[in-house]
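Reading through the structure tokens given below for one structure.
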Number of protein chains: 2
Amino acid sequence: MKYSLSEENYLKAIYHLEKIAATGVATNAIAEQMETKPSSVTDMVKKLSEKKLVNYIKYQGVTLTEKGKKTALTIIRKHRLWEVFLVDKLKFHWDQVHEIAEQLEHIHSEELITRLDKFLGEPDFDPHGDPIPDKDGNIKRTEKKLLSDLNKNQGGVCVGVKESSPEFLQYLDKKKITIGTKIKVLGKEFFDGSMVILVGKDQSFISKKTAENLYVQTN
Amino acid sequence: MKYSLSEENYLKAIYHLEKIAATGVATNAIAEQMETKPSSVTDMVKKLSEKKLVNYIKYQGVTLTEKGKKTALTIIRKHRLWEVFLVDKLKFHWDQVHEIAEQLEHIHSEELITRLDKFLGEPDFDPHGDPIPDKDGNIKRTEKKLLSDLNKNQGGVCVGVKESSPEFLQYLDKKKITIGTKIKVLGKEFFDGSMVILVGKDQSFISKKTAENLYVQTN
DNA sequence: ATTAAATTTTAGATAAGACTAAAATATTGT
DNA sequence: ACAATATTTTAGTCTTATCTAAAATTTAAT
Ligand SMILES: [Mn+2]
Ligand SMILES: [Mn+2]
Ligand SMILES: [Mn+2]
Ligand SMILES: [Mn+2]
């Protein structure tokens, strides 16, 4: 029931990779994500397999079992709730909280999370717009598109970021874009995918890369 | 600057033992406190010594260096601030917070503690009446006596507990005694040190052992 | 002052988690 | 099909933090 810091981090990494990988998650992919070596991954994956947290067949990558997925989701839940705490209560900026939440997510206490959740008003999303799983691991799925998929004259509200590195978040601040900001596509350049958008009342220019990392809810 | 969970726990243990031990803190004492073996203590103490956190001479026990003491105090600061958070904000009961704070005290982030401190209103004492060191490790010392040292007709306010096991704290609840409770000694039995005391408006009987674990501020 | 007992340290072993180098397997290109 | 390349696993080593058993040292008792 209680796993080590390392085991928890592996589960989380595999969970995130599983969402994008069609097939089993590759050893190399995990190694890259965790900034460790493939041989270390193999070792850990064997251990997780013995604990019935992942399905593992040599040379064929891993997938999470139900138990593994559930465990990963409780860690993600903790991570995101702590991020809400840091931003809403301690007034951290949204680009400063991930690192600290990486530590806080490993605190073991169900009671703590139950109370923290209530204290925060049972939020559905974290400061980056990512959904917070409930205690049973259910995630409230919402309609959202990448800004890059909108066409000229379409608009919506920014509801999340795909990338959430401090660098990107700070850039968004400079552009006056944050969760809840209204955005409308005024023009889209075919050549490089760059856009001219309306942010609130002001016009702004953004690159394709930026547009591909912003989620919006269309209206 | 950043120490392992184990190193931090050793420093904390040595700090607490140093306050009661006249001479250097004994290997055995540390082992008992940490629920580990003396041989493990010797190993760790050597490492702490190399890092200039303790003064260590073979067979003569250890003392904290200034650096070691400062480090221990920041961990204690974190522990107690988190306890305040858990009780004041998350409405935990005072007998439920120590275990969780034992984990939270190892989260590394100065900014986090600075903000948490401010969020909590820069408290001077934790939920058990223990003083919270400031960022430089200074502790606000206060006048306080053990209830067992009071004589008949003397009274005061409960400002802390010496023991803070859940069992004792729950017993105090049953006796309607908590931090801030007014207590007056109505009678003291010479034979066994037991007392009849006035708690608020009600009379109560307590053993010597209980009286020896309650701090009061006399008026 | 010796001896007995308690404390502390050393030596050697173990487990978790990580690494390097080499071997095994899978995938790709021609 | 088969060689070249990429991926994955194995074998062996390292570090941190433990432990047990044995040796060294200190403390207490006669
Ligand atoms: Mn995060
Ligand atoms: Mn987030
Ligand atoms: Mn405590
Ligand atoms: Mn306390």
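Chain letters run A, B, ... following the sequence lines, proteins first, then strands; residues in each count from 1. Note that this is a predicted model, so its numbers are computed, not measured.
- Applying the side chain to side chain donor-acceptor pair (under 3.5 Å) definition to pairs two or more places apart or across chains, those involving residues 59-70 of chain A are A:N55-A:T63.
- Of the side-chain N and O atoms in B:K46, one or more sit less than 4.0 angstrom from OP1 or OP2 of C:dT10.
- For DNA chain C, none of the residues of residues 19-29 of chain A falls under the heavy-atom distance limit of 4.0 Å.
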For residues 121-136 of chain A, run the donor-acceptor check on the side chains, cut-off 3.5 Å, and write out each pair with its distance to 0.1 Å, sequence neighbours left out.
from   : atom 1 : to     : atom 2 : distance (Å)
A:D126 : OD1    : A:H128 : N      : 2.7
A:D126 : OD1    : A:G129 : N      : 3.1
A:D126 : OD1    : A:D130 : N      : 3.0
A:H128 : ND1    : A:E83  : OE1    : 3.1
A:H128 : NE2    : A:W94  : O      : 2.8
A:D134 : OD1    : A:D136 : N      : 2.8
A:D134 : OD1    : A:G137 : N      : 3.0
A:D134 : OD1    : A:N138 : N      : 3.0

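- Closest of all the heavy-atom pairs between B:T142 and B:Q217 is CB-NE2, 4.0 Å.
- Between B:D43 atom CG and C:dA11 atom C1' there is a gap of 10 Å when expressed in whole angstrom units.
- Within the nucleic acid shown, A:S6 comes within 4.0 Å of sugar-phosphate atoms alone, with no base atom in reach, counting heavy atoms only.
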Please list, pair by pair, any protein nitrogen or oxygen found under 3.5 Å from a nitrogen or oxygen in nucleotides 23-26 of chain C.
from   : atom 1 : to    : atom 2 : distance (Å)
C:dT25 : O4'    : A:Y59 : OH     : 3.4

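- Between A:F119 and A:F85, the ring-plane angle classifies as tilted under the 30° and 60° cut-offs.
- In this structure, the CD atom of B:E50 is 13 Å from the P atom of D:dT15, given to the nearest Å.
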Less than 3.5 Å apart, which donor and acceptor atoms pair up between the side chains of residues 35-46 of chain A and the rest of the protein, not counting sequence neighbours?
from  : atom 1 : to    : atom 2 : distance (Å)
A:T42 : OG1    : A:P38 : O      : 3.2

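- Rounded to an integer number of Å, the gap from CD1 of B:I30 to P of D:dT18 is 13 Å.
- Heavy atoms of A:T42 sit under 4.0 angstrom from at least one base atom.
- Using a 4.5 Å cut-off on side-chain heavy atoms (C-beta onward), B:L73 and B:I139 make contact.
- Computed from coordinates, the B:L48 CG to C:dT9 P distance equals 13 Å when rounded to whole Å.
- The CD atom of A:E32 sits 10 Å away from the P atom of D:dT7 (whole-angstrom rounding).
- If you measure from atom CE of A:M44 to atom C1' of C:dA16, you get 8 Å, rounded to the nearest angstrom.
- Residue-level contact check: A:S39 touches the bases, meaning some heavy atom is under 4.0 Å from a base atom.
- Atom CG of B:N9 is separated from atom P of D:dT18 by 9 Å (rounded to the nearest Å).
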N/O donor to acceptor pairs below 3.5 angstrom from side-chain atoms of residues 9-31 of chain A, sequence neighbours left out:
from  : atom 1 : to     : atom 2 : distance (Å)
A:N9  : OD1    : A:H106 : NE2    : 3.0
A:N9  : ND2    : A:L5   : O      : 3.4
A:K12 : NZ     : A:E102 : OE1    : 3.0
A:K12 : NZ     : A:E102 : OE2    : 3.0
A:K12 : NZ     : A:E105 : OE1    : 3.4
A:K12 : NZ     : A:E105 : OE2    : 2.8
A:E18 : OE2    : A:L64  : N      : 2.8

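- Applying the 4.0 Å criterion to OP1 and OP2 of C:dT9, one finds that B:Y56 has a side-chain N or O inside that range.
- In terms of modelled atom types and a separation under 3.5 Å, the side chain of B:K91 and the main chain of B:D88 share a donor-acceptor contact.
- Side-chain atoms of B:Q103 come within 3.5 Å of backbone atoms of A:H108 as a donor-acceptor pair (strictly under, hydrogens ignored).
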